[in-house]
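A short worksheet on the structure shown next.
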Amino acid sequence: MTTRKKSSRATIADVARKAEVAIGTVSRVFNNHPDVNEDIRNRVNDAVNELGYVRLRNRKRPRESSDRRVGNIGLVFFGMEDTLVQLPIVSSAVHGIERALATQGYNLMLANIPNGDRTPHFISDQHIEGLILKGPNQGILPSEAKRSLLSRFYSIPYVWLMGRLPNAVGDHCNYDTEEAGRIVAEHLDEKGHRRTAFLNPKPGQIQFERMKASFTQHSIRLGHQTSTLEVDPPTSLEWPLPSITLQNNVDVLVERWMQLPKDKRPTALFVPSDRTAVQAYAAFAQRDLKVGEDVSIISCNNEKPLLANMNPALTTIDVHAEVIGQRAVDQLIWRIGNPNQKCHFQNLVEPTLVPGDSVKQL
């Protein structure tokens, strides 16, 4: 009989996907919560065994300090579709969070609240010392009067993960979106591209908008003819917001690019996420155009599961999502120890270029 080797790379999001349950359900199973029926508990445990998943806290148990008790940290996803936690960039951040909490001796508890309409049991039961929040990156947060959940969040030390809406307050850990825009503009310049465009299938998405602004600024500084190809912004936004860009939005923008005169058409496109780049590859292929030859594409995130089968290999920006997760834990633990500090802090991880073959040398 062969024993499956335990994998340190499988994440709690992988377990949830394998067991076909919500990530919060996996958390309740791990923490022996009584409201999970036996069938679901068995499915989660079977997924754990099949994936070889080992909870990071069990992989490395630090010496517990006598001056504090070992406690729980909550990770809450809200305002987005369930599929958010399945995105590779989010899974990487969760892995970083798990790893960092393990070294500190904390236990991770998770909840996914797409509609933002309930309070996780670990908050209402006061079982946690701090929160890491991953909310939507479009629109604004509703008032606390309309969403009592937000009031519960703000009563506990917390930090935002990979996106903080304009009217949100609190500490925030993310990658440096302005630096990402600069890196892309300068890389395209080095490759000889002087007509470039930012392809935006999700207007108003705060990460995309900041990269667009930085990319445009640095492209102009470099003397490029730069433009933006984007769909109309949504007329209204309601939770849960879609976590994945619609293929039709990308198709519309690719068609718009094709309708431009060839001597005016951008030779390179900055696509703000790897998943959108996958959709752009498909859209160009349907029109008998090859990325890396007929058009150059550079993307952002470095989501390796998405990149594995892309041909040509995608040039992208590594945002170091796992490191962002680790830094979020560091910031939260600091905040727990300094609850009266009124200043809010942003911890930005510097992104790096991952060259591929999708940007042609002109």
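Scope of the values below: all heavy atoms of this structure, side chains included, with no hydrogens, waters or symmetry mates. Residue numbers run from 1 in the order of the sequence given.
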Enumerate the side-chain hydrogen bond (donor to acceptor under 3.5 Å, both in side chains) contacts for residues 246-259, please, sequence neighbours excluded, ordered by first and then second residue. Q247-D251, E255-R287

Among side-chain atoms of D14 and Q86, is any donor-acceptor pair under 3.5 angstrom? no

Apply salt bridge (charged side-chain N to carboxylate O under 4.0 Å, His left out) to R152 and list each qualifying residue two or more places apart in sequence or on a separate chain. none

Got more than 12 heavy atoms from elsewhere within 6.0 Å of CD, E20? no

Can you tell me if K290 has over 12 outside heavy atoms packed within less than 6.0 Å of its NZ? yes

When you look at V94 and F77, which way does the side chain to side chain contact (heavy atoms under 4.5 Å, CB included) test go after all the steps? CA-CA 11 Å; V94 171; F77 301 93; 3.8 Å; yes

Can you confirm whether Q225 is buried at CD, in the sense that more than 12 heavy atoms of other residues, nucleotides or ligands lie under 6.0 Å from that atom? no

Is any NZ, NE, NH1 or NH2 atom of the basic residue among K212 and E230 found under 4.0 Å from an Asp or Glu carboxylate oxygen of the other? yes

Does the side chain of T276 come under 3.5 Å of the side chain of S273 through a donor N or O and an acceptor N or O? yes

For the residue pair S124 and T119, confirm or rule out a side-chain donor-acceptor distance under 3.5 Å. no

Which residue pairs pass the side-chain hydrogen bond (donor to acceptor under 3.5 Å, both in side chains) test with at least one member in residues 138-148, sequence neighbours excluded? E144-S151

Applying side chain to side chain contact (heavy atoms under 4.5 Å, CB included) to T245 and Q279, what does each step give before you reach the verdict? CA-CA 9 Å; T245 300; Q279 295 170 320; 3.7 Å; yes

So the side-chain hydrogen bond (donor to acceptor under 3.5 Å, both in side chains) pairs with at least one residue in residues 180-190 (sequence neighbours excluded) are E179-R182, R182-E186, E186-R221, D189-R194, D189-H224

SB check R43 D39 (cutoff 4.0 Å): yes

If you look only at pairs with a residue in residues 198-220, which of them pass as a ring-ring contact (aromatic ring centres under 6.0 Å, His included), with sequence neighbours excluded? F198-F270, F215-F270

Could you tell me which residues satisfy side-chain contact (heavy atoms from CB on, under 4.5 Å) with R41, sequence neighbours excluded, listed by chain and number? V29, N32, V36, E38, N45

Ion pair check, R275 and E303, cut-off under 4.0 Å: no

Using a distance-only test with no angle check, is there a side-chain donor-acceptor pair under 3.5 angstrom linking N301 and D274? no

So the ring-ring contact (aromatic ring centres under 6.0 Å, His included) pairs with at least one residue in residues 292-324 (sequence neighbours excluded) are none

Taking distance alone, no hydrogens or angles, what donor-acceptor pairs closer than 3.5 Å link side-chain atoms of residues 353-362 to residues at least two apart or in another chain?
| from | atom 1 | to | atom 2 | distance (Å) |
| --- | --- | --- | --- | --- |
| S358 | OG | I297 | O | 2.6 |
| S358 | OG | T315 | N | 2.8 |
| Q361 | NE2 | K191 | O | 3.2 |

Mind checking what makes side chain to side chain donor-acceptor pair (under 3.5 Å) contact with Q326, not counting sequence neighbours? none

Sequence neighbours left out, what passes salt bridge (charged side-chain N to carboxylate O under 4.0 Å, His left out) with E178? Give chain and number order. none

Considering only residues two or more places apart or on different chains, which pairs with a residue in residues 153-174 satisfy salt bridge (Lys or Arg N to Asp or Glu O under 4.0 Å)? D171-R335

Is it the case that the side chain of R195 and the backbone of A268 share a donor-acceptor pair, with hydrogens and angles ignored and the cut-off at 3.5 Å? no

Candidate pair M162 and C173, rule side chain to side chain contact (heavy atoms under 4.5 Å, CB included), full reasoning: CA-CA 6 Å; M162 292 193 299; C173 290; over 6 Å; no

Quick one: list whatever passes salt bridge (charged side-chain N to carboxylate O under 4.0 Å, His left out) with R327, sequence neighbours left out. D330

Do the rings of F78 and W160 sit parallel, tilted or perpendicular, given the 30° and 60° boundaries? tilted

Is it the case that the side chains of S243 and T83 hold a donor-acceptor pair, with the cut-off being a distance below 3.5 Å and no angle test? yes

CD1 on I123 to CD1 on I156, rounded to 0.5 Å: 5.0 Å

